[in-house]
Amino acid sequence: MGVVVSKQMAASVLAGLLIVTAPGIGMAGSLAGSVGDKRFPPPLAMNPKDQCRMAYNAYVAAGGHSAYATTLYTRVRDLYVVCGKALNASSQQAAENAAMRNCQGGLKKWRLNTASGGCYLAASK
């Protein structure tokens, strides 16, 4: 009888541990909702339909390795912000490289020069 009680007690302890740790296991696999490694606060327009704000929101919502790159905003010289994102890449480094390429591609496409010197990685995860 003592052995049965020990097995029951062990089973209930293990079940309790499983219940406590299970939520953390599910969250560990997804990066959705996480800002990740934020290097600086990106310049985001107040307009929710702004393309860079939408790109940043998509970055935060992404569940995999992602990155967000942007130009800096200099109020006196730059009247625009160019950004780039990479979502759900194979690694954080791959996402960072793709986001930087996307941002730099925007500068080339619109033939822009910025007072800040170009694109910078604002955040990655």
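Quick note: residue numbers are just sequence positions, from 1.
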Can Arg101 and Glu96 be counted as an ion pair, charged N to O under 4.0 angstrom?
no
Report yes if the side chains of Gln104 and Asn102 come closer than 4.5 Å at any heavy-atom pair, otherwise no.
no
Would a distance-only check, ignoring hydrogens and angles, find a side-chain to backbone donor-acceptor pair under 3.5 Å from Arg111 to Lys109?
no
Whether the side chain of Arg39 engages the backbone of Ala122 through a donor-acceptor N/O pair (distance < 3.5 Å, no angle test) should be reported.
no
Can you find a heavy atom in the side chain of Leu87 that is under 4.5 Å from one in the side chain of His65?
no
Over 12 non-hydrogen atoms of neighbours within 6.0 angstrom of CG in Asn47
yes
Leu31 CG to Gln92 CD distance, which is reported to the nearest 0.5 Å:
8.5 Å
Within-4.5 Å side-chain heavy-atom neighbours: Leu72 and Phe40
yes
Looking only at heavy atoms, the pair that brings Thr114 and Gly118 closest together is OG1-N, 2.9 Å
Would you compute the distance between atom NZ of Lys38 and atom OH of Tyr68 and round it to the nearest 0.5 angstrom?
11.0 Å
May I ask you to check if Lys125 and Tyr59 form a cation-pi contact, with NZ or CZ under 6.0 angstrom from the six-membered ring centre and within 45° of the axis?
yes
Between Ser66 and Gly64 (side chain of the first, backbone of the second, donor and acceptor by atom type, cut-off under 3.5 Å), is there such a pair?
yes
Is there less than 2.5 Å between the SG of Cys103 and that of Cys119?
yes
From Lys85 NZ over to Thr70 OG1, what is the distance, rounded to the nearest 0.5 angstrom?
13.0 Å
Grab the two heavy atoms, one from Thr71 and one from Pro43, that are nearest each other, plus how far apart they are.
O-CG, 3.5 Å
